[in-house]
Participant: 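Input: one structure, supplied below.
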Number of protein chains: 2
Amino acid sequence: MPPKLRDVAERAGVSVKTVSNVVNGYVHVKDATRDRVQRAIDELGYRPNLTARSLRSGRSGVLALAVPELDVPYFAELARLVVETAADRGYTVVIDQTGGGREQEMVVLKGIRSHFVDGVLFSPLALSAADLRARTDRAPLVLLGERAPRGPDDHVGIDNVRAARDATEHLVAIGCRRIAAIGAQTGGPGATARQRLSGYRASLTEAGLPYDPDLVVPARSFHRADGFAAMAALLALPDPPDGVFCFNDPLALGALRCLATRGIRVPQDVAVVGFDDAEDGRYSTPSLSTIAPDKPTIATTAVDFLLARIDGTAPTGPRRTTAPHTLVPRESTDR
Amino acid sequence: MPPKLRDVAERAGVSVKTVSNVVNGYVHVKDATRDRVQRAIDELGYRPNLTARSLRSGRSGVLALAVPELDVPYFAELARLVVETAADRGYTVVIDQTGGGREQEMVVLKGIRSHFVDGVLFSPLALSAADLRARTDRAPLVLLGERAPRGPDDHVGIDNVRAARDATEHLVAIGCRRIAAIGAQTGGPGATARQRLSGYRASLTEAGLPYDPDLVVPARSFHRADGFAAMAALLALPDPPDGVFCFNDPLALGALRCLATRGIRVPQDVAVVGFDDAEDGRYSTPSLSTIAPDKPTIATTAVDFLLARIDGTAPTGPRRTTAPHTLVPRESTDR
DNA sequence: GCAGTCTATTACATCGTTGTAAATGCGCCC
DNA sequence: GGGCGCATTTACAACGATGTAATAGACTGC
């Protein structure tokens, strides 16, 4: 049974509240008393009970981070940054893995009120803007990632359309004429994929290149295996592409792998661009050109938005920020 | 202000305790009452305050997972599995990123008593066995990963010596004669690296190959960049290796990358084996042969050990389990 | 020498929930 | 019809902390 304030108080011969005052650095405590109490604290190894404190204060000092999958590098890196930033601000982070399904994401949305977390950073995949608007609960929530529904919530993302254009333009610039896109999400509510697709198309139009639906391959999920399969499908076309824009890095790495097994040279025969700038792509062979969202900015902005909501210092309307991104050219487009 | 039991009670015209009984599925509640209360709950959107519940019960339903870095694939995958398993058992997981430093790891050790988590899964890098034994606090703790100090704590790991031997033997079997090791930790308390090194040496001895200290390269951390640098150092030797055993996959991928930039063929000129079976290695070019620890077993065993400690159903002595591992041969040793 | 001010300390209520034990009411049996 | 047992409901205390307001004492100034 761990010691509590009362145990310390008895040992130091003072009231419970005085101990509490010492613990919280209250000014009006005589030095002699403070020392005595402090000694008792040390001797007993007292540590405040955060649960009790939290019940009293209404704050838990815990944020939730809800992401689809922790082992997708982008989310792992984001999680790392969020946890670090939150720690800096004195907060702990619990991780919620939604799996990306609508049902589980709804649970997160509903679950917020289960006090215990002060606010939620949420990176949804499947939820529609309507789902988000339907939320009755106005608990502190910040949407994370590239998704930007016109909802009532704070949001931190990047300009997906612009980024996808940058990626595609880059392929055009190095001489690609038949440019494929891997990662479209047909039907699903995935705004991210839609935005990237629209940037891709805009870029084609701008370059005077035709839009060929055969070159747009959907991906069920965003893993290497999906990229591999999609690339294989593209290579089976009568007129295969000479450039591929993948909607994230694992897809691109899967595509690279597929090309390697077929003995197709990258970037000479096919150039590849990814998205997210996961660490893997920096050391793959060939190394992967990619769109690099400014992840540290995303993480810190999101955490600070959320803390401002929690503290009530945020403005009433939703805050939306677009974090910068850059194109990082590497070997997979180096020609 | 979210509704509480009292609000529901007033609305339903019953006592607070009756509402509590309904919420907790207590049997002796008249159906009519139960319905009335349930309606009030639904209308008000009542959700129990987990903090209060936790204060009352002494349990928070939260486990902590302390790992060095979330964006090292092995830890990300482990985290994913742990979070999933814990969720299955009705627990939430908070992530603690220690950075792998002794100081921060000590904080985790001390911090356990800061109630709020019911137990800790801890994957230490820098802590010594002495540090762990010095823990006065007997809060539920399970050590995770490959480290196996003779401490008083539950532990789930794999047989590192055996696994390292398997890896090295595999290199011997495909004809390597000068086999290097990347990832030694000189001086540090890293038991993992020591064990893998000893397995490596044992295997050399067994194969009748000389042990050449020049072929053992330490790594400051276990990232791709370190593997790259180590490989570069090995290639600069007058008599470079024809096989490399890397103590984890990122090191191996960094090494592969280095070899690729030098135009050295893998596996023909140099064969490479990694450790951990991160998803990256399955799709790298060449794909990476590696030691695959049974991560799902590690995660579920660890969580179950911890929950048993928490419930008090665990035996008194420390429990130790060695999860199985397998060698997964891929292209990087396919010759 | 006494009101007035300031410091240091304290008792008590409270955060929202649940365990304990007691109260209420009903049916049933002898 | 009085008593017993059971189902149902309740009041109250407690989990460990902290805010509020009150108290006791020390000191100022007139």
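Side chains included, hydrogens not; waters and symmetry mates left out as well; all remaining heavy atoms used. Order of the sequence lines sets the chain letters (A, B, ...), proteins ahead of strands, with each chain counted from 1.
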Participant: Residues two or more places apart in sequence or in another chain: which of them pass side-chain contact (heavy atoms from CB on, under 4.5 Å) with B:Ser57?
Facilitator: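 Testing B:Ser57 for side-chain contact (heavy atoms from CB on, under 4.5 Å), a comparison that skips the adjacent residues, returns B:Arg59.
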
Participant: Nearest whole angstrom, please: distance from the P of C:dC15 to the CG of B:Leu55.
Facilitator: 13 Å

Participant: With a 4.5 Å cut-off on side-chain heavy atoms, are B:Val156 and B:Leu143 touching?
Facilitator: no

Participant: Is the shortest heavy-atom distance from the side chain of B:Val117 to the side chain of B:Leu63 under 4.5 Å?
Facilitator: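 No, every pair of side-chain atoms sits at 4.5 Å or beyond.
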
Participant: From CZ of A:Arg6 over to P of C:dA11, roughly how many Å is that when rounded to an integer?
Facilitator: 13 Å

Participant: Do B:Asp153 and B:Pro318 come within less than 4.5 Å of each other through their side chains, counting heavy atoms only?
Facilitator: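 When only atoms from C-beta onward are counted, B:Pro318 and B:Asp153 do not touch, as no gap falls below 4.5 Å.
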
Participant: Can you name the residues that form a side-chain contact (heavy atoms from CB on, under 4.5 Å) with A:Arg309, not counting sequence neighbours?
Facilitator: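 In terms of side-chain contact (heavy atoms from CB on, under 4.5 Å), with neighbours along the sequence ignored, A:Arg309 is linked to A:Pro140, A:Asp154, A:Ala314, A:Arg319.
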
Participant: Might you point out which heavy atoms bring A:Tyr46 and A:Pro3 nearest each other, and give the distance in Å?
Facilitator: CD1-O, 3.4 Å

Participant: Do A:Leu307 and A:Tyr91 have side chains that approach each other closer than 4.5 Å (heavy atoms only, starting at C-beta)?
Facilitator: yes

Participant: Mind listing the closest non-hydrogen atom pair of B:Val23 and B:Arg53 along with its distance?
Facilitator: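 In this case the closest contact between B:Val23 and B:Arg53 is CG1-NH2, 3.6 Å.
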
Participant: Hey, are the side chains of A:Phe222 and A:Val72 touching, using non-hydrogen atoms and a 4.5 Å cut-off?
Facilitator: no

Participant: Listing request: all salt bridge (Lys or Arg N to Asp or Glu O under 4.0 Å) pairs with a residue in residues 99-108 of chain B, at least two apart in sequence or in separate chains.
Facilitator: B:Arg102-B:Asp131

Participant: Near DNA chain C, counting only heavy atoms under 4.0 Å, which residues of residues 18-34 of chain B show up?
Facilitator: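 Residues of residues 18-34 of chain B under 4.0 Å from DNA chain C: B:Ser20, B:Asn24.
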
Participant: Return all side-chain donor-acceptor pairs below 3.5 angstrom for residues 9-22 of chain B, not counting sequence neighbours, or 'none' if the list is empty.
Facilitator:
residue	atom	partner	partner atom	Å
B:Arg11	NH1	B:Glu43	OE1	2.0
B:Ser15	OG	B:Lys17	N	3.4
B:Ser15	OG	B:Thr18	N	3.2
B:Ser15	OG	B:Thr18	OG1	3.2
B:Ser20	OG	B:Asn24	ND2	3.4
B:Asn21	ND2	B:Lys17	O	3.4

Participant: Rounding to 10 degrees, work out the angle separating the end axes of the helix from C:dG1-D:dC30 to C:dC30-D:dG1 (five pairs an end).
Facilitator: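 For the helix from C:dG1-D:dC30 to C:dC30-D:dG1, the axes at opposite ends meet at about 60°.
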
Participant: For residues B:Leu78 and B:Ile298, determine if any side-chain heavy atom of one lies less than 4.5 Å from a side-chain heavy atom of the other.
Facilitator: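 Touching, per the 4.5 Å side-chain cut-off.
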
Participant: Just the endpoints, please: which first and last nucleotides of DNA chain D, 5' to 3', lie under 4.0 Å from a heavy atom of chain B?
Facilitator: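 For DNA chain D, the relevant span reads D:dA7 to D:dG16.
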
Participant: Which salt bridge (Lys or Arg N to Asp or Glu O under 4.0 Å) pairs, counting each pair once, include a residue from residues 62-90 of chain A, with sequence neighbours left out?
Facilitator: A:Glu69-B:Arg80, A:Asp71-B:Arg80, A:Glu77-A:Lys295, A:Arg80-A:Glu84, A:Arg80-B:Glu69, A:Arg80-B:Asp71, A:Arg89-A:Asp304

Participant: Can you list, in residue-number order, the parts of residues 7-16 of chain A that come under 4.0 Å of DNA chain D, counting heavy atoms only?
Facilitator: A:Val16

Participant: Side chains of A:Val67 and A:Asp96: does their closest heavy-atom pair fall under 4.5 Å?
Facilitator: no

Participant: Is there a side-chain contact between B:Leu70 and B:Ile95 (heavy atoms, below 4.5 Å)?
Facilitator: yes

Participant: Which pair of non-hydrogen atoms, one from A:Ala76 and one from B:Ala76, has the smallest distance, and what is that distance?
Facilitator: CB-CB, 4.2 Å

Participant: Taking only N/O atoms, report every protein-nucleotides 19-22 of chain C pair under 3.5 Å with atom names and distance.
Facilitator:
residue	atom	partner	partner atom	Å
C:dG19	N7	B:Lys17	NZ	2.9

Participant: Taking CG from B:Asn49 and C1' from C:dG16, how many angstroms apart are they, rounded to a whole number?
Facilitator: 6 Å

Participant: Distance from A:Thr297 atom OG1 to A:Ile158 atom CD1, nearest 0.5 Å?
Facilitator: 11.5 Å

Participant: For nucleotides 24-26 of chain C, print each protein N/O atom paired with a nucleotide N/O atom at under 3.5 Å, atom names and distance only.
Facilitator:
none

Participant: Using side-chain contact (heavy atoms from CB on, under 4.5 Å) as the criterion, list what pairs up with B:Ser60, not counting sequence neighbours.
Facilitator: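 Result, side-chain contact (heavy atoms from CB on, under 4.5 Å) vs B:Ser60: B:Ser54, B:Val62, B:Asp118.
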
